[in-house]
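Working notes, structure below.
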There are 2 protein chains.
Amino acid sequence: MLSHVEENYLKEIYGLQEATLRGVSTNSIAEKMQTKASSVTDMLQRLSNKDLVVYTKYKGSRLSEKGRLMAISIVRKHRLWETFLVEKLNFLWDEVHDIAEQLEHIKSDKLIKKLEAFLGNPKFDPHGHPIPNSNGQINKLNSVSLAEFKIKEEGVFVGVKDSSDSFLKYLNKMNIAIGDTLKLLYIEPFDNSFLISANTRQFNISENVAKNLYLRSE
Amino acid sequence: MLSHVEENYLKEIYGLQEATLRGVSTNSIAEKMQTKASSVTDMLQRLSNKDLVVYTKYKGSRLSEKGRLMAISIVRKHRLWETFLVEKLNFLWDEVHDIAEQLEHIKSDKLIKKLEAFLGNPKFDPHGHPIPNSNGQINKLNSVSLAEFKIKEEGVFVGVKDSSDSFLKYLNKMNIAIGDTLKLLYIEPFDNSFLISANTRQFNISENVAKNLYLRSE
DNA sequence: ATTAATTTTTAGATTAACCTAAAAATATAT
DNA sequence: ATATATTTTTAGGTTAATCTAAAAATTAAT
């Protein structure tokens with residue numbers, strides 16, 4: 001059975017390897033885990049001994065199939081718990097991350113199955129991220145970043161890329177919520193800021209914000 | 001902030017000290033914690049340094065007021081989570097202990113407050129044990145063990161003393177559930193077994209089982 | 001293609017939580 | 001009350017997960 005720490009490593013490596021086809025660097029893991037590269041090397045050797053990671057000195061790491069499935073199962077638990085916290089306990093979407101970070105390590109397959117049923121088998125978590133099924137399959141959401149929209153294109157806001165507290169709080173303040181229909185009106189050439197309309201109102205967002213908003217168009 | 005292990009020690013010491021006015025022995029803690037006496041001594045010294053336990057070498061230990069409140073808060077979380085598992089996720093009462101043992105360590109006051117409200121501020125858990133309030137106050141339940149009943153006395157079964165899997169499964173099998181009205185008909189002098197009636201049916205239980213059933217009479 | 005910079009690994013320590021074996025304190029029994 | 005048994009503590013060691021500092025490998029730059 002894996003420790004909380006091992007599970008966290010798997011989860012972070014999974015997140016990193018999804019963004020690249022090459023090996024995940026030791027330093028990038030250290031940054032995500034808020035720890036030192038030397039600690040990461042230690043852990044990689046341990047995970048490699050357990051056949052959860054394919055690790056070659058100085059060459060970066062990838063999860064083994066076994067490791068990938070473990071990582072996805074943690075992501076699954078995380079997202080189900082986040083959904084529970086928001087849907088059932090009325091937490092706001094920017095409050096749930098740290099708590100789900102703890103809950104994701106609770107060990108009980110039966111619990112997760114029952115939780116999922118209790119929530120009505122949700123397919124997406126409160127941030128619009130797909131919830132893997134119990135076989136580790138993930139519904140890739142066919143959405144695209146607002147930063148890639150053309151002028152006058154519109155779409156429904158279905159999820160964030162980055163779900164940090166600060167970004168979610170910003171969206172709260174701007175009154176932008178999942179389900180809103182957003183339309184790109186204009187890109188200011190000077191600073192690349194985006195002029196957006198939603199319902200009746202109009203507002204500006206930075207390019208960075210646009211990159212973090214995922215929409216389903218057509 | 002306390003580690004899971006420290007929290008478990010506090011919880012077990014609390015359970016033990018409730019049963020006596022004297023110091024809790026190192027060995028009794030070791031037995032509960034499924035560990036060695038020497039490990040317990042280590043931990044007692046650590047908890048004592050943190051002012052959670054009043055520990056005097058060779059003389060046994062008691063929780064400090066601070067330690068007692070911490071212990072009660074863990075018991076509170078445990079019982080709220082057990083209630084959640086049974087009431088909302090449809091677990092049976094003999095399945096929830098190990099999962100609640102993990103959930104009780106999740107750190108978030110807000111979570112526990114919201115969970116409590118979501119459950120409708122329950123006063124007792126699925127085993128009939130009182131749920132401490134957020135100030136650490138506990139509703140002492142005024143019930144008495146069936147073993148202390150007189151012949152022909154009857155009462156409502158409100159809680160178990162021991163909530164081990166095996167005992168709860170035994171009660172399931174015997175079809176004895178919280179809320180049942182039980183009446184003591186006869187005590188067999190030969191083996192001290194108890195003849196009980198519940199509704200229409202009659203059955204025998206051992207003295208040991210009787211000691212573990214708590215009823216509210218009159 | 002060497003040198004310089006960066007990344008990664010190793011070596012050696014630390015801390016929490018455990019262990020075994022031995023020593024010390026306390027309790028019990030004759 | 002002295003010997004014996006039991007309980008508890010100490011001493012010293014282990015493992016997981018971390019750290020710092022130094023060494024080794026890789027990458028970048030002139």
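Chain identifiers are assigned alphabetically (A, B, ...) following the order of the sequence lines, protein sequences preceding nucleic acid strands; residue numbering begins at 1 within each chain.
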- Task: Would you kindly say whether A:T41 and A:S38 are connected by a side-chain donor-acceptor distance under 3.5 Å?
- Result: no
- Task: Output yes when B:E116 and B:K113 qualify as a salt bridge under the 4.0 Å nitrogen-oxygen rule, no when they do not.
- Result: no
- Message: Can you tell me which nucleotide in C:dT10, D:dT8, C:dT9 comes closest to the side chain of B:T41?
- Response: D:dT8
- Centres of the A:H78 and A:H129 rings: under 6.0 Å? no
- Centre of B:Y214's six-membered ring, under 6.0 Å away, within 45 degrees of the axis: is that where NZ or CZ of B:K161 sits? no
- Note on the structure: Sorted by chain and number, sequence neighbours left out, side chain to side chain contact (heavy atoms under 4.5 Å, CB included) with A:V86 holds for A:V96, A:P126
- Message: With the threshold set at under 4.0 Å for non-hydrogen atoms, list the residues of residues 27-36 of chain B touching DNA chain D in residue-number order.
- Response: B:N27
- Determine: side-chain N/O of A:Q45 to OP1/OP2 of C:dT10, distance under 4.0 Å, yes or no. yes
- Going by the side chain to side chain donor-acceptor pair (under 3.5 Å) test, which pairs reach into residues 92-102 of chain B, not counting sequence neighbours? A:K110-B:E95, B:K11-B:E101, B:W93-B:N172, B:D94-B:K169, B:D94-B:N172
- Test side chain to side chain contact (heavy atoms under 4.5 Å, CB included) applied to B:S108 and A:L103, A:I99, A:L85, the passing residue: A:I99
- Roughly how many Å is it from CG in B:N49 to C1' in C:dT15, rounded to a whole number? 14 Å
- Message: Under 4.0 Å, counting only non-hydrogen atoms across every strand here, what does A:S39 touch: a base, just sugar-phosphate, or nothing?
- Response: base
- Note on the structure: note: A:L47, atom CG; C:dT9, atom P; distance rounded to Å ~ 13 Å
- Item | Side-chain H-bond candidate by donor/acceptor type, A:S164 with A:D162, under 3.5 Å | yes
- Query: To the nearest Å, how far apart are A:M43 CE and C:dT8 P?
  - Reply: 17 Å
- Name all residues meeting the ring-ring contact (aromatic ring centres under 6.0 Å, His included) criterion together with B:F84; count only those two or more places apart in sequence or in a different chain, and write none if there are none. A:F84, B:W81
- Query: Which parts of residues 1-16 of chain A get close to DNA chain D, meaning a heavy atom less than 4.0 angstrom away?
  - Reply: A:S3, A:V5, A:Y9
- OP1 or OP2 of C:dT7 less than 4.0 angstrom from a side-chain nitrogen or oxygen of A:S25, does that happen here? no
All N/O contacts under 3.5 Å from nucleotides 21-26 of chain D to the protein, with atom names and distances to one decimal?
from	atom 1	to	atom 2	distance (Å)
D:dA25	O4'	A:Y58	OH	3.4

- Just checking, any donor-acceptor pair under 3.5 angstrom between side chains of A:D191 and A:S193? yes
- Task: Considering only NZ, NE, NH1 and NH2 on the basic side and carboxylate oxygens on the acidic side, decide whether B:E6 and B:K50 come within less than 4.0 Å.
- Result: yes
- Item | Spacing between A:D42 atom CG and D:dA16 atom P, to the nearest angstrom | 11 Å
